[in-house]
Amino acid sequence: MNDIITDYDDLNLAEAKEIQNKLREKINLEPFTKPIQTIAGADISLNRFSEIIFAGIVILRYSDLQPIAYSLVESKTSFPYVPGFLAFREVPALVQALEQIPVKPDVLMIDGHGIAHPRRMGIAAHFGALTGTVTMGCAKNILFGKWQEPGIQKGDYRPIMNKEEVIGYALRSKFKTNPVFISPGNRMSLSDSLDIAIRCAGNYRLPEPTRRAHEFVNLFRTGKLKEGYHELTPQLLF
DNA sequence: GCGACAG
DNA sequence: ATCTTGTCGC
């Protein structure tokens with residue numbers, strides 16, 4: 001009676017679009033008020049031409065952005081990658097990864113877009129609507145909307161526009177590198193997503209939650225980390 | 001009709 | 001997403 005439905009493998013795109021339209025009603029873009037203690041990065045990794053996907057969520061302490069725990073799940077998908085429908089391929093495994101975390105993170109930063117999507121239902125919005133969690137998207141490339149190049153300084157940004165509406169931001173997360181594309185997914189506002197992304201910008205292009213998730217999930221795929229939920233001991237911090 | 005197109 | 005060497009710029 002509370003199970004999250006993520007049986008997506010046999011859907012066609014028309015059915016997938018219906019699900020997106022239905023799920024969109026659950027999205028809440030009001031400001032997030034409570035103080036943030038932990039933020040998680042979520043990402044997946046796979047071998048080319050393989051249906052096996054390696055999903056991971058890494059939880060970081062918000063104060064210093066150090067990883068404190070991670071959850072890894074190996075799963076299988078037959079849903080292909082189709083621009084605009086990424087969630088149907090990656091979300092089921094990420095939901096599994098979330099389910100095995102005993103204490104959920106306050107916010108999740110997901111690799112991909114939030115509402116900066118043709119139907120406002122990028123993977124971060126989809127995941128947030130499905131799980132009821134606080135989510136935002138951080139993508140390396142634009143999918144939908146018009147944007148202008150931000151200034152070259154770290155922290156410079158410009159809005160992603162659809163007609164007259166702001167749907168996200170192109171953010172210079174590191175000096176003189178390509179921007180990342182930020183948008184809210186669920187239970188936070190546009191400016192919340194921008195503030196959090198800026199706060200999470202470290203010494204690399206990818207904000208720390210996303211960067212760490214990518215790192216851990218690749219270590220998992222290449223056999224250096226094991227499936228399951230694990231906590232990092234303070235002295236063994238990566 | 002044509003081009004664009006998260007991971 | 002992943003496969004990969006060199007190379008250009010700071």
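Model, not experiment: these values are computed from the prediction. The chains referred to below are lettered A, B, ... by the order of the sequence lines, with proteins before strands, and numbering in each begins at 1.
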Quick check on the 6.0 Å ring-centre criterion: do Phe181(A) and Trp147(A) meet it? yes

Just by distance, do the side chain of Asp106(A) and the backbone of Gln37(A) share a donor-acceptor pair under 3.5 Å? yes

When you measure from every atom of DNA chain B, which of residues 172-183 of chain A have a heavy atom less than 4.0 Å away? none

Using a heavy-atom cut-off of 4.0 Å across all strands, would you classify His214(A) as base, sugar-phosphate, or nothing? sugar-phosphate

N/O contacts under 3.5 Å, protein versus nucleotides 5-7 of chain B?
from: dA6(B); atom 1: OP2; to: Tyr81(A); atom 2: OH; distance (Å): 2.5
from: dA6(B); atom 1: O4'; to: His113(A); atom 2: ND1; distance (Å): 3.4
from: dA6(B); atom 1: N7; to: Gly84(A); atom 2: N; distance (Å): 3.0
from: dA6(B); atom 1: N6; to: Gly84(A); atom 2: O; distance (Å): 3.2
from: dA6(B); atom 1: N6; to: Phe85(A); atom 2: N; distance (Å): 3.2
from: dA6(B); atom 1: N6; to: Leu86(A); atom 2: N; distance (Å): 3.1
from: dA6(B); atom 1: N1; to: Ile123(A); atom 2: N; distance (Å): 3.0
from: dA6(B); atom 1: N3; to: His113(A); atom 2: N; distance (Å): 3.2
from: dG7(B); atom 1: OP1; to: Lys140(A); atom 2: N; distance (Å): 2.7
from: dG7(B); atom 1: OP2; to: Asn141(A); atom 2: OD1; distance (Å): 3.0

side-chain N/O Asn218(A) vs dA1(C) OP1/OP2, d < 4.0 Å: no

Answer yes if the ring centres of His126(A) and Phe88(A) are under 6.0 angstrom apart, and no otherwise. yes

In terms of the angle between their ring planes, are Phe220(A) and Phe54(A) parallel, tilted or perpendicular, with boundaries placed at 30° and 60°? perpendicular

Just wondering, do Phe144(A) and His113(A) contact through their side chains at under 4.5 Å, heavy atoms? no

Are Phe79(A) and Tyr8(A) close enough that their ring centers fall under 6.0 Å? no

Would you say OH of Tyr62(A) has more than 12 non-hydrogen atoms from neighbouring residues, nucleotides or ligands within 6.0 angstrom? yes

Checking all strands, does Ser50(A) fall into the base, sugar-phosphate, or nothing category for heavy-atom contacts under 4.0 angstrom? nothing

Can you check whether Arg205(A) reaches Arg211(A) side chain to side chain, under 4.5 Å on heavy atoms? no

